[in-house]
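When reading the values below, keep in mind they use all heavy atoms of this one structure, side chains included, and skip hydrogens, waters and symmetry mates.
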Amino acid sequence: MKKLFALFLACMMLFLTSCNQTPPSETTTGNPQNQEQLQDTELKDTIIRNGNREFIDLPSRILFEYTVPEGEEYTFYYSKADGKAYVYCFDPLCDHSGKCLANPRDNKNIFHTEFVSTFFINNRFYVVADYGQIFSMAFDGSDIRIEYGEESYDILNINYYLWSQNYIAYDKYIYIATDLDENEKYNLLRFNTETKEMENLTEKTGNFMNPIFFYNGEVYGKGARYQGLEPSWYKADLEMKNMEVIEALPVSHRFYGSVFFDNAYDNPTDYKNRKTIGIQAYDMKTDEKKIIANEMLGLEEEFYTIVATDENYVYFYPFKKTLVGKRKSHWGDQDVYTTNEGKLYRVKHDGTECTLIYDNPNFEFSFHYREAVICGDKILIRGQEYSVGADGYVVYHSGGMMIGTIGPDGKIDKFENIELVY
């Protein structure tokens with residue numbers, strides 16, 4: 001789980017002191033689709049879908065979690081200025097234990113939240129807890145404020161399912177879908193980070209949806225599941241006053257501008273027997289679906305893991321399960337499989353110039369962390385390098401958060417462990 005921030009419960013302190021004494025500034029905007037605070041002029045023809053699990057991409061830094069060789073898991077930030085990853089603490093004398101922002105798990109009496117429920121709005125982090133509380137903090141973890149909810153909770157009586165964990169932010173608002181209330185009803189809430197007002201949009205309008213993304217000042221989402229049936233798709237204005245049923249949309253977690261990118265299938269609804277026929281580009285602006293066929297990619301039928309997009313390219317690798325060797329375990333020798341062949345491709349949005357940009361048969365991109373960040377000519381992604389000895393046993397040489405440089409020819413010579421400073 002990707003956990004970053006902490007809040008004291010029950011009999012604990014109201015305010016948490018961070019390690020930093022000089023808060024850094026983070027006022028410019030980065031990729032507009034990954035930032036929560038945007039101007040209306042930036043939102044035209046742009047999909048907004050935030051709440052990633054692997055990274056928080058800020059204008060000058062990229063946050064991620066990583067387990068260091070000593071076994072501790074810290075929050076790090078990759079500096080876009082110098083290419084190093086620093087532990088998320090700004091006190092040079094701190095040992096990153098106890099109340100340190102980078103390692104809150106040392107304190108057993110705190111509740112953790114996840115990247116997916118953390119939003120960066122107006123130079124502050126806003127964290128949504130599913131038991132019905134919102135708190136915010138400055139960029140360095142100082143100045144914690146309870147924005148919504150009680151100041152303290154009984155840890156033994158918290159309803160961890162009060163809110164459904166389906167959170168998404170747009171401009172100054174955070175949208176929160178609730179679980180069933182005492183009247184067996186779902187509600188959509190909206191919190192205004194400027195006025196601190198929490199609105200029940202369902203109570204005001206009678207309308208509800210689970211929000212998935214925003215586009216051109218409208219919210220798109222699905223209804224609640226009922227008796228195992230696939231819920232309908234809806235779109236509505238930001239106040240949920242006018243909601244209408246729409247055709248199902250082929251959305252995904254990878255997009256750029258107005259276009260979603262995902263696998264294309266010969267029979268999309270036949271989950272057991274369908275075959276991948278390429279990559280699908282669906283444009284919200286034109287309602288057009290374009291298939292970048294396997295033949296255009298120069299690849300055989302595969303399942304593609306799309307890890308990132310940028311202004312020009314879609315980055316992906318094919319899934320291929322391969323037996324590569326064995327390893328020792330408490331239960332004896334076990335087979336070791338990889339899920340890809342260490343091949344990373346990129347293709348232009350229009351389907352041209354599909355290029356194998358990295359090829360290392362002794363490298364595997366992580367199956368559990370299928371997300372990457374493109375930052376200039378750098379790419380951050382999780383993976384591991386290995387070799388197989390003469391005895392058939394797999395030996396791992398490096399792994400974790402890796403970084404590669406995209407050369408002028410578009411190729412990546414190697415991935416290396418990101419340099420950690422802690």
Q: Using the side-chain hydrogen bond (donor to acceptor under 3.5 Å, both in side chains) rule, take N362 and S387 through it: C-alpha gap first, then chi angles, then the decisive distance, then the call.
A: CA-CA 6 Å; N362 292 112; S387 63; over 6 Å; no

Donor-acceptor contact below 3.5 Å, side chain [X] vs main chain [Y]:
X: D237; Y: M243; result: no
X: E54; Y: A372; result: no
X: T193; Y: K172; result: yes

Taking all atoms of both residues into account, what is the closest heavy-atom pair of [X] and [Y], and its distance?
X: E247; Y: W233; value: O-CB, 3.9 Å
X: L380; Y: I418; value: CD2-CD1, 4.0 Å
X: F316; Y: C354; value: CZ-SG, 4.0 Å
X: I144; Y: F135; value: CG2-CD1, 4.3 Å
X: N216; Y: D45; value: OD1-N, 2.5 Å

Q. Between L297 and Y345, does a side chain to side chain contact (heavy atoms under 4.5 Å, CB included) hold up when you go through it step by step?
A. CA-CA 9 Å; L297 299 172; Y345 295 84; over 6 Å; no

Q: Start with the C-alpha distance between K222 and I212, add both sets of side-chain angles, then the distance that settles side chain to side chain contact (heavy atoms under 4.5 Å, CB included), and finish with yes or no.
A: CA-CA 7 Å; K222 291 183 178 181; I212 296 177; 3.9 Å; yes

Among side-chain atoms of [X] and [Y], is any donor-acceptor pair under 3.5 angstrom?
X: Q133; Y: Y131; answer: yes
X: D287; Y: Y282; answer: yes
X: S398; Y: E416; answer: no

Q.
Could you go through F213 and F260, starting from their C-alpha distance and side-chain angles, then the distance that decides it, and tell me whether this counts as ring-ring contact (aromatic ring centres under 6.0 Å, His included)?
A. CA-CA 11 Å; F213 70 97; F260 285 105; 5.1 Å; yes

Side-chain heavy atoms of [X] within contact of [Y], under 4.5 Å:
X: F415; Y: N360; value: no
X: Y148; Y: I174; value: no
X: L58; Y: F125; value: yes
X: I176; Y: M198; value: yes
X: T405; Y: D413; value: no

**Q.** Pair Y304 and F261, ring centroids less than 6.0 Å apart
**A.**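 Between Y304 and F261, the centre distance exceeds or equals 6.0 Å.
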
(Q) Which residues pass the side-chain hydrogen bond (donor to acceptor under 3.5 Å, both in side chains) test with E419, not counting sequence neighbours? (A)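 Residues passing side-chain hydrogen bond (donor to acceptor under 3.5 Å, both in side chains) with E419: none at all.
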
Q | side-chain hydrogen bond (donor to acceptor under 3.5 Å, both in side chains) partners for R124, two or more places apart | A |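 R124 satisfies side-chain hydrogen bond (donor to acceptor under 3.5 Å, both in side chains) with S136, D143 only.
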
Q | Results of salt bridge (charged side-chain N to carboxylate O under 4.0 Å, His left out) for K204 - residues two or more places apart only | A |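 Once residues adjacent in sequence are excluded, the partners of K204 under the salt bridge (charged side-chain N to carboxylate O under 4.0 Å, His left out) criterion are E199.
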
Q.
I'd like to know if D57 pairs up with K80 as an ion pair, taking the criterion as any Lys NZ or Arg NE/NH1/NH2 lying under 4.0 Å from an Asp or Glu carboxylate oxygen.
A.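 Answer for the salt bridge query: yes.
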
Q) Aromatic rings F363 and Y358: how do their planes relate, parallel, tilted or perpendicular, breaks at 30° and 60°? A)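 If you compare the ring of F363 with that of Y358, the planes turn out perpendicular.
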
Q | Whether F76 and F64 hold their rings parallel, tilted or perpendicular, with breakpoints at 30° and 60° | A |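 Taking F64 first and then F76, their aromatic rings lie parallel (interplane angle under 30°).
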
**Q.** Option from Y66, F90, Y422, F55 for which ring pair (Phe, Tyr, Trp, His ring centres under 6.0 Å) with Y77 holds
**A.**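 Result: among Y66, F90, Y422, F55, F90 is the only option passing the ring pair (Phe, Tyr, Trp, His ring centres under 6.0 Å) with Y77.
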
Q: Go through D310 and Y315 one step at a time and tell me if the side-chain hydrogen bond (donor to acceptor under 3.5 Å, both in side chains) criterion holds.
A: CA-CA 8 Å; D310 63 16; Y315 297 78; 2.8 Å; yes

(Q) Using ring-ring contact (aromatic ring centres under 6.0 Å, His included), reason through F214 and Y175 one step at a time and then give a plain yes or no. (A) CA-CA 11 Å; F214 300 91; Y175 287 73; 5.2 Å; yes

Q | Derivation and outcome, side chain to side chain contact (heavy atoms under 4.5 Å, CB included), residues R61 and F139 | A | CA-CA 11 Å; R61 297 172 171 89; F139 181 80; 3.6 Å; yes

